[in-house]
Amino acid sequence: MRSFVWFALVAATLSNAAPSKLSALKVKEEIAHPRGWVKSHPAPADAIIELRIALPQSNFEELERHLYEVSDPFHTRYGQHLSKAEVEALVAPHPESIHVVNEWLASHGLYEHELTRSPAKDWVRVSVPVGLAEKMMDAEYHVWVNDKDGDTIIRTTKYSVPEDVHDHIELIQPTTLFSNLRGMDTTFRFTDADANVQQVSPNVPPISVPSASGGKVDASCNQTITVSCIRELYNAVGFTPSGKDGNQIGITGYLEQFANIADLQLFFADQVPAALNSTFKFISVKGGLNNQSIEAAGAEANLDTQFAFGLTHPTPATFFSTAGRPPFIPSVGSPTNTNEPYTDWLDFVLSQRTIPQTISTSYADSEQTVPVSFARRACNGFAQLGARGVSLTFSSGDGGVGDGDPDPATQECFSNDGRNITRFDPLFPPSCPFVTSVGGTIHIPETAVDFSGGGFSNVFPRPSYQDVAVKGFLNKLPKGTYAGLFNPDGRAIPDVAAQADLFRIFLSGRAVSIGGTSAAAPTFAAIISLLNDARLSKKQKPLGFLNPLIYALAREHPKAFNDITVGNNPGCGTPGFNATKGWDAITGVGTPNFGVLKELVTSGF
Ligand SMILES: *[C@@H]1O[C@H](CO)[C@@H](O)[C@H](O)[C@H]1NC(C)=O
Ligand SMILES: *[C@@H]1O[C@H](CO)[C@@H](O)[C@H](O)[C@H]1NC(C)=O
Ligand SMILES: *[C@@H]1O[C@H](CO)[C@@H](O)[C@H](O)[C@H]1NC(C)=O
Ligand SMILES: *[C@@H]1O[C@H](CO)[C@@H](O)[C@H](O)[C@H]1NC(C)=O
Ligand SMILES: *[C@@H]1O[C@H](CO)[C@@H](O)[C@H](O)[C@H]1NC(C)=O
């Protein structure tokens, strides 16, 4: 031992650049006791976990600058998206970071052949026994049990890395990430299943009501939303995408939510007969399964795929199934997944040369359960997709201003930071400024649906593309409204909205009615995909990161979006925010008018 110390001292004296392997461990991240989780027994030392180490992305500000230039409709570079190699070059870590982290890993007997790196080398993954992880990071891993649903995960509330390594590592997980994956699927809910469905029948009186987009909508759409209702409401009747111009649409699935092909055929027979016998491409990410047993069909996955793919047929469609589902059972020998599905999916999709131009996700989590370091990195990953020309939609949540839990009685509106103050709890990823967050409406004429998630991020500052719209909203709030409950300088949610309740889908062979902003996100994504089709058919570039365009269009072309001005989104024991003229924290700038948007995006705004 003594000679080793001596060697380290000499090495440190000889070279200032090379860090001493023995520099003292210094705390990298520490969190208060995570609310909703109970510490059980120490994790078995020989259980294998996969550590994910994020190296600092040396040039992210530059990537962000490119992203905003190519996404700003008034910029000369609009649409000139970056290539995979260009994006990777901008997020690549400094070579010294790679070197220093390698040395640290090597000092624990972990060498290159055991490491897996992302294409840009900004993430390193390595599987290690818990005992070694504890030694490397001076951590104490325990099995933690969720007090609502009994899920178990293996985590530590504190971890350290050697002082010299600090600046070369942004974060390591799984450590302090105590999100509850199951919480994400609260962004869908059943509504009175069969009762509504019976109302769709040939006997529905053939009356039409005006849509805000200027056309007519079948009166039955007030009780039951079908593909043709969406087309009527959002002024997309009669537009058929080419299916052959390179345009694609994707849906992400997590939590072993399976998109069932037999149910999709029933849905097509019911609502899109021309699409019968067509299906989607299934892509498994990190071992994500594809159980086509009719009993295994997932409500969320079926809703997302049926509406997104039904609305965009014959556009080639992809369903990504990413593994990662509680309970996390620490097992000896085989690495168990780490329950951080966004980064697994991002790793995969960013490594692909061709990516669907529009991708929708209906899973989210309380922002405060996601460590800030992790939220930033995942959000940066979404920015990389935007820079490559991909539009990302996320459902804004189903708990109003609360934590996404549709049941107000069990909403957690207390801060998780040790202070336990009352605070609205927006969702992540919708709170990431590089994604498009989709809130919900109901009925005709459209009003805001009360569960529509909305509010202000406590992590991400307000991006400039929202400044005018959001300040307009804040200025109209009665003075002192909800003071201290929300962060008025935060990234505001949602950006847009779409119908979010009473959707008629097929599940395990049955027609059911389902709702949630889970329905709104794929619906809005489908409209974007149709716009992309119109552009690609004219050899124009896809829309990519949407938000700068959305706010510019809403400002300059009042007909591009149907402004929603009625409704509010209660949560945390308050009535929430009101829908108002202009942007609001429940429906954003409103629902899309495809016909108007198509003219604007294909003829140069
Ligand atoms: C749709 O239903 C809502 C709520 O019941 C009602 O207020 C509205 O008038 C209905 N719209 C039409 C066109 O009947
Ligand atoms: C779908 O396949 C069935 C059985 O092969 C066939 O009878 C039917 O005509 C097909 N429908 C369409 C729309 O292609
Ligand atoms: C598929 O799901 C069914 C119904 O839930 C289940 O019985 C079956 O074991 C599953 N198959 C596989 C291979 O997991
Ligand atoms: C936080 O405060 C609320 C309201 O005062 C209380 O009900 C709750 O038990 C507190 N939680 C913790 C973890 O202290
Ligand atoms: C919402 O509107 C009601 C009725 O006009 C008003 O009393 C309330 O203060 C408004 N709430 C907010 C948060 O703006």
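All ligand and atom numbering here is 1-based and tracks the order in the structure. One-based numbering along the sequence shown. As a basis for the values below, the full set of heavy atoms in this structure was taken, side chains included, without hydrogen atoms, waters or symmetry mates.
Annotation for ligand 3: atoms under 4.0 Å from non-hydrogen atoms of Ser293 are 1 (C), 2 (O), 3 (C), 4 (C). When each atom of ligand 1 is checked for a heavy atom of His443 under 4.0 Å away, the hits are 2 (O), 3 (C), 4 (C). Close contacts between ligand 1 and Asn222 involve ligand atoms 1 (C), 2 (O), 3 (C), 8 (C), 10 (C), 11 (N), 12 (C), 14 (O) [criterion: under 4.0 Å to a heavy atom].
Side-chain atoms of Asp270 never come within 3.5 Å of backbone atoms of Leu266 as a donor-acceptor pair (strictly under, hydrogens ignored). Checked by atom type and distance alone, the side chain of Glu232 pairs as donor or acceptor with a backbone atom of Asp218 at under 3.5 Å. Panel note: side chain Arg35, backbone Thr369; no donor-acceptor pair is recorded below 3.5 Å.
Tested against Ser437 for a side-chain contact (heavy atoms from CB on, under 4.5 Å), the candidates Ser431, Pro429, Cys432, Pro430 yield a single pass: Pro430. Across Thr565, Thr587, Thr591, a single residue satisfies side chain to side chain donor-acceptor pair (under 3.5 Å) together with Glu446, and that is Thr591.
With no hydrogens or angles considered, a side-chain donor-acceptor pair links Ser518 and Glu300 at under 3.5 Å.
Ligand 1 has no N or O atom lying under 3.5 Å from any N or O atom of Pro445, backbone or side chain. Taking only nitrogen or oxygen atoms, main chain and side chain alike, Asn291 reaches within less than 3.5 Å of ligand 3.
Residues Glu367 and Arg491 are not paired through a salt bridge, judged by the lack of any N-O separation under 4.0 Å between the basic side chain and the carboxylate.
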Under a 3.5 Å threshold, I'd like every N/O contact between ligand 5 and protein atoms, with atom names and distance.
unit_1: ligand 5; atom_1: 2 (O); unit_2: Asn578; atom_2: ND2; d: 2.2
unit_1: ligand 5; atom_1: 11 (N); unit_2: Asn578; atom_2: ND2; d: 3.0
unit_1: ligand 5; atom_1: 14 (O); unit_2: Asn578; atom_2: ND2; d: 3.4

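Ring pair Phe456/Phe577: centre-to-centre distance below 6.0 Å.
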